[in-house]
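Remember, it's 1-based here, ligands and their atoms both numbered in the order they're listed.
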Amino acid sequence: MEMFATSALIIVVAHLVLGLLLWFRVRKLYSYPGLLGFPVFGNLYYFYKTMLIASFENMRIHLVQVAEQYGKNGICFCILFCFRKVVIISSPQVMKQIGFHPNLKDKPPYVFESFLKYTDGPFTTPSSDDVWKMKRKEYNNLLKKSSVENNFYNIFLKSADKLVELMLATPSTLDIEKAVLGVTQSVTMEALFGVDGRPAFDPEIIDHMYTLKNIITLIIGNPGIAKTILNGLGPFDGLLIRQAGALKKLSSQIMKQVHVKLKSSQHFPSENTKSNYSLSMYIASRTEKSKKFDQNVLTELQELFITSSSTVSSTMSCTIICLAVLPEMQEKAWKEQNEIFGDDTREPSLEDLERMIFLERFIKESLRFCGPPLIAKHAAEDIKVDGVIIPKGAIVVYMLDFMRKDPKYWKDPKLFDPDRFLEENECLNYTYAPFGIGVRTCPGMNFAMTQMKITLSKVLRRVKLSTVKKDLKFENLEFEAMLLMELKNPPFLKVEERIM
Ligand code: HEM
């Protein structure tokens, strides 16, 4: 009994001391109105203290909203918040102020470490690293609008035909997410890696990549839990590692082809050589002299594979499902296609794409619902915002999804209304940032938007979509936070060919 009392006293005193130390470092955060920030620690005393001192109402609203909006992962996110020094940013004005701050860096360090277990490398490069600067220059060059349109247009056209073919092959029980994933994976292989895209349609690889995307969500969303709980569940973790093997298998197939190309190539891409080379050749020639050649190329291929194919596939399948459950809007989008093409079965040109303004607004609105839930950065040094310090080491989370639905900035945020994008204003830019903000903002935006517009144009012209389950409405769809916001139970689709 006496021993129990002493231990309890030691724990209480330790919590008190730790809580006070931490409190002195971050107390000013609460006075900043825009931040709604609450660093919460795995420290009982501090947790309660925070609840008492922070605007309790703000904190409660936040936790509840996060949990409600993000489904089961929302709850994970909340648990994560309790164990780490986290500053949550839900104000677009604050995001704008700190988005380009030099002390705000990359992803938090734990993300780099956690990936190592499942992939061949840390998956993403810190921006302090010179390699990142080189990479970023190449990405910006190869993925800029004009390069995408010149180099990848035909690949997008071909892949759109493949998707329509897959849709017509299973007209009454289409699993749209898997069909689209196969297509976007093959596009990545052909466009970015310059290799044969057919292996990407292997159903086993699609299944494994699908699971892998969920593992990545787990790592990004909740590394602490992924490490401790999954490591403890040996067989489950083993299963995840096996699933991750799909990515390794694909990337080693790509590597073999890159090796063959390198051997037969007379010239490597250089600063002056423009877009005749695929990204994989750039990567290979850049890392050629490095001792870790194979591993470096593999890591970068794997990073690109996920960043480019899973994101587009998730957005595109969500957009297709939205078209299926919103028949009047589908009709409007189809009419726009009909006005551009009439009975003509020709391929869409660049000028045609420019004219698809309703389709573009529809994709943007769909991304408001299914864009990334959040982006995490970390404060490499203290960051001062309006006299408030975000402490060094804090994880800074931009609540992108929260801002995209905040009634303060959006009228009827739960309503699917593409016309809200008729008016562009500065506020909208920062409340709506599905491709991120700052120096690490997504370089693949043009690639993604062009690919989606071409594919959806072809889908709309060839087929009429509805759901197998009758009377399913947009309001019935439930989203949850994964790599992007995804549909909880994506409905099976019914596909009818349009008579031309
Ligand atoms: C709808 C599709 C996409 C969405 C919603 C999306 C979103 C994002 C977001 C939110 C980030 C992080 C930005 C930040 O940390 O500030 C990112 C980074 C990145 N994305 Fe995308 N992305 C998409 C498609 C693509 C495509 C098609 C590619 C490649 C062709 C791509 C390549 C990358 C790369 C390489 C990065 C890391 C950039 C860096 O670290 O400098 N993404 N993306």
Side-chain angles (χ1 to χ4, degrees), residues 89 95-96 98-101 104-108 111-112 122-129 131-145 147-148 151-152 155-156 159 180-181 183-185 187-193 213 216 220 278-280 282-283 299-319 363-364 366-378 395-401 403-404 430 432-453 455-456 481-486:
I89 310 290
M95 189 168 81
K96 181 181 170 187
I98 64 170
F100 291 89
H101 198 289
L104 194 67
K105 299 278 186 203
D106 320 325
K107 302 180 175 52
V111 172
F112 294 88
F123 219 67
T124 166
T125 326
S127 32
S128 51
D129 199 323
V131 173
W132 175 77
K133 290 190 189 114
M134 241 191 293
K135 263 169 75 167
R136 189 69 210 201
K137 218 168 149 189
E138 290 164 9
Y139 290 174
N140 288 346
N141 183 30
L142 279 159
L143 299 172
K144 65 175 184 260
K145 199 163 183 284
S147 307
V148 166
N151 301 325
F152 308 138
I155 296 174
F156 294 156
S159 71
V180 176
L181 186 59
V183 169
T184 55
Q185 285 182 171
V187 166
T188 301
M189 288 176 76
E190 295 194 1
L192 300 186
F193 305 152
K213 190 176 57 165
I216 290 170
I220 295 179
S278 59
L279 202 50
S280 59
Y282 274 88
I283 302 170
T299 306
E300 217 168 311
L301 289 183
Q302 290 174 0
E303 177 193 353
L304 267 172
F305 201 76
I306 294 286
T307 46
S308 78
S309 56
S310 294
T311 48
V312 179
S313 111
S314 174
T315 309
M316 195 138 72
S317 47
C318 174
T319 310
I363 298 172
K364 279 188 176 170
S366 161
L367 259 173
R368 193 171 68 83
F369 286 93
C370 67
L374 49 81
I375 309 181
K377 309 266 169 194
H378 96 280
I395 294 172
V396 179
V397 182
Y398 297 152
M399 303 294 280
L400 297 186
D401 183 62
M403 291 186 246
R404 291 195 302 263
Y430 289 96
Y432 181 80
F435 293 97
I437 177 177
V439 287
R440 304 286 295 232
T441 188
C442 177
M445 187 176 84
N446 294 313
F447 186 100
M449 289 306 280
T450 313
Q451 184 185 353
M452 288 195 285
K453 250 175 138 179
T455 312
L456 292 168
M482 302 300 283
L483 189 60
L484 269 60
M485 295 300 291
E486 284 179 16

ask   = Would you say the side-chain atoms of Ser159 pair up with the backbone N or O of Val183, donor to acceptor, closer than 3.5 Å?
value = no
ask   = Okay, side chain of Ser310, backbone of Thr307: is any donor-acceptor separation there less than 3.5 Å?
value = no
note = Any heavy atom of Leu192 under 4.0 Å from ligand 1? The part involved is side chain
remark   = Within 4.0 Å of some non-hydrogen atom of Ile437, the atoms of ligand 1 are 16 (O)
Winner among Leu104, Thr307, Thr188, Thr311 once heavy atoms are compared against atom 2 (C) of ligand 1 = Thr311
task = Going by heavy-atom distance to atom 36 (C) of ligand 1, choose the closest among Pro443, Cys318, Ser366, Gly99.
result = Pro443
message = Restricting to non-hydrogen atoms, name the atom on Leu181 and the atom on Ser313 that form the minimum distance, rounded to 0.1 Å.
response = CD1-OG, 3.4 Å
request  = For Pro372, counting its heavy atoms only, list the atoms of ligand 1 lying under 4.0 Å from any of them.
outcome  = 10 (C)
key: Closest candidate by heavy atom, reference atom 31 (C) of ligand 1, pool Ala448, Cys442, Pro434, Gly438   = Cys442
request  = Answer yes or no: is there a donor N or O on one side and an acceptor on the other, between the side chain of Thr441 and the main chain of Phe435, under 3.5 Å?
outcome  = yes
query = Can you tell me if Arg404 uses its side chain to pair, donor with acceptor, with the backbone of Cys370 under 3.5 Å?
reply = no
key: Polar proximity ligand 1 side, Arg440 side, N/O cut 3.5 Å exclusive   = yes
remark   = Smallest heavy-atom separation, Phe369 atom then Asp401 atom, equals O-OD1, 4.1 Å
task = Determine the minimum heavy-atom distance between Ile98 and Leu104, stating which atoms define it.
result = O-CD2, 3.6 Å
query = Short list, please: which atoms of ligand 1 are under 4.0 Å from a heavy atom of Lys377?
reply = 14 (C), 15 (O), 16 (O)
Side chain, backbone, both or neither: the part of Gln451 lying under 4.0 Å from ligand 1 by heavy atom = neither
query = Would you say ligand 1 has an N or O under 3.5 Å from any N or O of Arg136?
reply = yes
key: Positive for side-chain contact (heavy atoms from CB on, under 4.5 Å) with Thr184, one of Thr315, Thr311, Thr455, Val312   = Val312
inquiry  = Polar contacts were defined as any N/O atom of the residue lying under 3.5 Å from an N/O atom of the ligand; does this apply to Tyr139 and ligand 1?
reply    = no
message = Quick check on contacts: which atoms of ligand 1 are under 4.0 angstrom from a heavy atom of Phe447?
response = 27 (C), 30 (C)
message = Check whether Tyr398 reaches the backbone of Ala433 with its side chain - one donor and one acceptor, N or O, closer than 3.5 Å.
response = no
request  = Any atoms of ligand 1 less than 4.0 Å from a non-hydrogen atom of Val312? List them with their elements.
outcome  = 27 (C)
query = Considering all heavy atoms of both residues, which atom of Met95 and which atom of Tyr430 are nearest to each other, and what is their separation?
reply = CE-O, 3.3 Å
message = As a check for students: among Pro373, Ala433, Ser308, identify the option with a heavy atom nearest to atom 26 (C) of ligand 1.
response = Ser308
ask   = For ligand 1, is Met445 a contact, meaning one of its heavy atoms is under 4.0 Å away?
value = no
